[in-house]
2 protein chains.
Amino acid sequence: MVTLAEVAQHAGVSASTVSYVLSGKRSISANTRQRVERSIRELGYHPNAGARALASSKSNIIALMVPLRTDMYVPVMMEIAIAVATSARAHGYDVLLLTGEEGPDAVRRVAGSGLADGMILMDVELDDERLPLLRATDQPSVLIGLPADTSGLTCVDLDFRATGALCVEHLAKQGHQDIAVIGEAPAVYERHTGFAERTLDGLRTRSRELGVRLLHRPCEGGYDAMAVTLARILDERPDTSGLIVQNESAVEPLLALLRQQGRAVPEDVSVVAICPDQVAMQASVRLTSVAIPAQEMGRHAVDQLVAKLEGRGSDEVVLLAPELTVRGSTGPAPSRS
Amino acid sequence: MVTLAEVAQHAGVSASTVSYVLSGKRSISANTRQRVERSIRELGYHPNAGARALASSKSNIIALMVPLRTDMYVPVMMEIAIAVATSARAHGYDVLLLTGEEGPDAVRRVAGSGLADGMILMDVELDDERLPLLRATDQPSVLIGLPADTSGLTCVDLDFRATGALCVEHLAKQGHQDIAVIGEAPAVYERHTGFAERTLDGLRTRSRELGVRLLHRPCEGGYDAMAVTLARILDERPDTSGLIVQNESAVEPLLALLRQQGRAVPEDVSVVAICPDQVAMQASVRLTSVAIPAQEMGRHAVDQLVAKLEGRGSDEVVLLAPELTVRGSTGPAPSRS
DNA sequence: ATAGGTTGTCGAAGCGCTTCGATGCGGATT
DNA sequence: AATCCGCATCGAAGCGCTTCGACAACCTAT
């Protein structure tokens, strides 16, 4: 293993000079810099991460806490995680992957050990048990998702309230009077996941304002669960002509069922999805949808965190504006029979 | 921040004693140990990761390189990643998330800087460009997936050759004579991804042995691509009665199309999927499938790597035996019209 | 009673890096 | 010619931990 000292000797300068060449924190003559850089290349030197962390008390690592559950909104999570890793690298940081498993202890461990300089939390619940710790340790952090109380926290999220409103508006504008929402699995609501409740709030508020009827039903993923849920909805509100789906793994089953029952999309029923663009475009019907901008969320979160770590940056809540893309699954409401 | 020295002072012992209490590398009297442990608790001491890494030249971190592509076999990747993170924690390791983006350089960076003690590579190609480096740096590592040349490497994977064989056998045993394989996207084959080619090999070899006809067609995910692919298959081999799908995002579209065309599963067509159990069970037809044991693969990889890091462990190729679960999507071949 | 072996603890020497103050030097300012 | 300043470099002091050899203290076998 090559050390700083060896590079210094090889280049005929002192260790500190090499260090300054590397960090750029003091001016170095062009001549010396080149000699040092050459030695670094020739010896294949790589600074030792541990030593660096110890001496500078900065690890250049960002911790990312992802939910343990592998069953829900997986693609979104994955996309965010990858976006985080990629943007972090662009800022010179590496990413440490923490699963929800350890829970709040992970926060303590990471903050205490100086393993990471800051952390990004995903899948934040409205009243998340990690938040008190986060506030207490003054560990620089950014949440992806919105808790109930955002004071003293930096958060990044899609504006799900506006998302809900947007979906209702779109359907209402086309004359739909009876709208049903097929939501995430019941467990998601029971955990008081921010995005689910906020979407619902936006949906309800806007539909009240616009005077349309709204029915919300949670739904597990998969075909059978969807079949039951759809039957219940149509039983309860036979005039339902607009459907809003916020559950990736319910999308395709829903379309299959509608087809099977002879309900044409969008002639008989309009469907709006809240899902990644890819899902909306790969479905058996091109779905009108509000995209979940996973990449952008990940990138924003990193940008915010890095800003904090560099002393700039503040406790801000960034809500990304939703965008509804009209594709083939929505159209005018059918005239009442 | 609390340091070892402070704990030592608080407990009235020397720093080295505290260190030995923590590591258990020398015997300590019960009395002293308790005093030290009490001080640790009272002061809320957490060892500093950087200092530890520097002094011991072990970071207790495992690097996990995941493919950058977010479009393919995502759930499997995610499940593996989470399994890796979870098992690693159980062994006292944290996980550093690297994306494929950096390519081989990531290997150099991690190995050189001592950031991680070892690494796990996913999405290994048959002739992966990271392998030469891996062999050169003698960085302890484990691959998930099989390259062409496994000499000097430790690999963990599902036995995809056996998987392919198993699928063919199952269908052949039910009398199917014309079998079509709907594979991963063409890009996957072009990259020479090990698992895809091996599966194909298993499928072909076994079908030759059993004297059944086999047609293989790569297929992008999504409904449209599937429609085209299916049409081509049925055009070319109208007698096809057995389908084998190895592409998660083609499963549901396939079922929808078959339904739409009035082909009953399993009466007219039998379908075997190679996919995670969850996908097979959530589909609109309970799919007979060979599971991709993502969790197990992740766990095995970590176990192997940890064994290597502790000096035990060898360069072994672990192939997990495939298991075919019969569900509702396969049955006897229809008698020829 | 004495040599020999355990057991439990301590002190000190690093691990490889960053960073601060000091220093030498040439050029600009009086 | 004396003074001041900025630039480029160096030396040394740590950062918080692990680990090795040393050493008392005690126990056992002779």
Side-chain angles (χ1 to χ4, degrees), chain A residues 1-37 39-40 43-61 92 109-117 309-310, chain B residues 1-37 39-40 43-61 92 109-117 309-310:
Chain A
M1 181 190 211
V2 190
T3 70
L4 227 215
E6 294 174 295
V7 174
Q9 194 175 2
H10 185 271
V13 298
S14 76
S16 47
T17 300
V18 178
S19 178
Y20 286 123
V21 167
L22 252 30
S23 68
K25 293 193 179 171
R26 283 200 185 175
S27 50
I28 297 284
S29 69
N31 190 327
T32 309
R33 159 179 287 98
Q34 280 165 15
R35 264 209 336 278
V36 170
E37 281 167 352
S39 297
I40 289 179
L43 300 181
Y45 168 72
H46 281 271
N48 180 83
R52 233 176 201 187
L54 177 56
S56 66
S57 5
K58 303 188 10 29
S59 62
N60 277 288
I61 289 183
R109 197 166 60 82
V110 169
S113 66
L115 231 187
D117 296 332
L309 292 176
E310 290 176 355
Chain B
M1 180 189 215
V2 191
T3 70
L4 227 216
E6 295 175 292
V7 174
Q9 193 175 4
H10 185 271
V13 298
S14 76
S16 46
T17 301
V18 177
S19 178
Y20 287 124
V21 167
L22 252 29
S23 68
K25 293 193 176 171
R26 283 200 184 175
S27 51
I28 297 286
S29 69
N31 190 328
T32 309
R33 161 181 282 96
Q34 281 165 14
R35 264 210 333 278
V36 170
E37 281 167 351
S39 297
I40 289 179
L43 300 181
Y45 168 72
H46 281 270
N48 180 82
R52 246 187 187 175
L54 178 56
S56 65
S57 9
K58 305 190 8 21
S59 62
N60 277 287
I61 289 182
R109 198 167 60 83
V110 169
S113 67
L115 232 186
D117 296 333
L309 292 177
E310 290 175 356

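Just so we're clear, the structure is a prediction, and the values are computed from it rather than from any experiment.
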For B:S59 and B:A116, which heavy atoms make the closest approach, and how far apart are they? OG-CA, 3.4 Å
Need one value for A:T3: base, sugar-phosphate or nothing, where a base atom within 4.0 Å counts as base even if backbone is also close, heavy atoms only. sugar-phosphate
Protein heavy-atom contacts under 4.0 Å, written 5' to 3' over nucleotides 7-12 of chain C as B (base), S (sugar-phosphate only) or - (none), form the string -SBBB-
Between B:K25 and D:dT19, is there a contact of a side-chain N or O with OP1 or OP2 at under 4.0 Å? yes
Atom pairs and distances, side-chain donor-acceptor, residues 10-18 of chain A, under 3.5 Å, sequence neighbours left out:
residue: A:H10; atom: ND1; partner: A:S39; partner atom: OG; Å: 2.8
residue: A:S14; atom: OG; partner: A:S16; partner atom: OG; Å: 3.0
residue: A:S14; atom: OG; partner: A:T17; partner atom: N; Å: 3.4
residue: A:S14; atom: OG; partner: A:T17; partner atom: OG1; Å: 3.1

Can you see which heavy atom on B:N48 is nearest to which on B:A51, and at what distance? ND2-N, 2.8 Å
How long is the span from the CG atom in B:L54 to the CZ atom in A:R52, to the nearest 0.5 Å? 13.0 Å
Beyond-backbone contact of B:L22 with B:Y45, side-chain heavy atoms, under 4.5 angstrom: yes
With the threshold set at under 4.0 Å for non-hydrogen atoms, list the residues of residues 50-61 of chain B touching DNA chain C in residue-number order. B:L54, B:A55
If we fit an axis to the first five pairs and another to the last five of the helix from C:dG5-D:dC26 to C:dT30-D:dA1, what angle do they make, to the nearest 10°? 50°
B:D117 side chain to B:K58 backbone, donor-acceptor under 3.5 Å: no
With a sphere of 6.0 Å drawn around CD of B:E37, does it hold more than 12 non-hydrogen atoms of other residues, nucleotides or ligands? yes
Does any part of the side chain of B:I61, heavy atoms only, come nearer than 4.5 Å to the side chain of A:L115, both counted from C-beta? yes
Here the residues of residues 109-117 of chain A within 4.0 Å heavy-atom distance, strictly under, of DNA chain C are none
Output all residues satisfying salt bridge (Lys or Arg N to Asp or Glu O under 4.0 Å) with A:R35, sequence neighbours left out; order by chain, then residue number. none
Separation of C:dC15 P from A:E6 CD (nearest whole Å): 11 Å
Quick check: do A:V21 and A:R26 have side-chain heavy atoms less than 4.5 Å from each other? no
Whole-Å distance between D:dG16 C1' and B:L43 CG? 15 Å
Are A:L4 and A:S19 packed together at the side-chain level, in the sense that at least one heavy-atom pair is separated by less than 4.5 angstrom? yes
When every non-hydrogen atom of B:R109 is compared with those of A:H46, the smallest separation belongs to CA-CE1, 4.1 Å
How long is the line joining CE of A:M1 and C1' of C:dC17, in whole Å? 11 Å
Judged by atom type as modelled, is there a donor-acceptor pair below 3.5 Å linking the side chain of A:E6 to the main-chain atoms of A:T3? yes
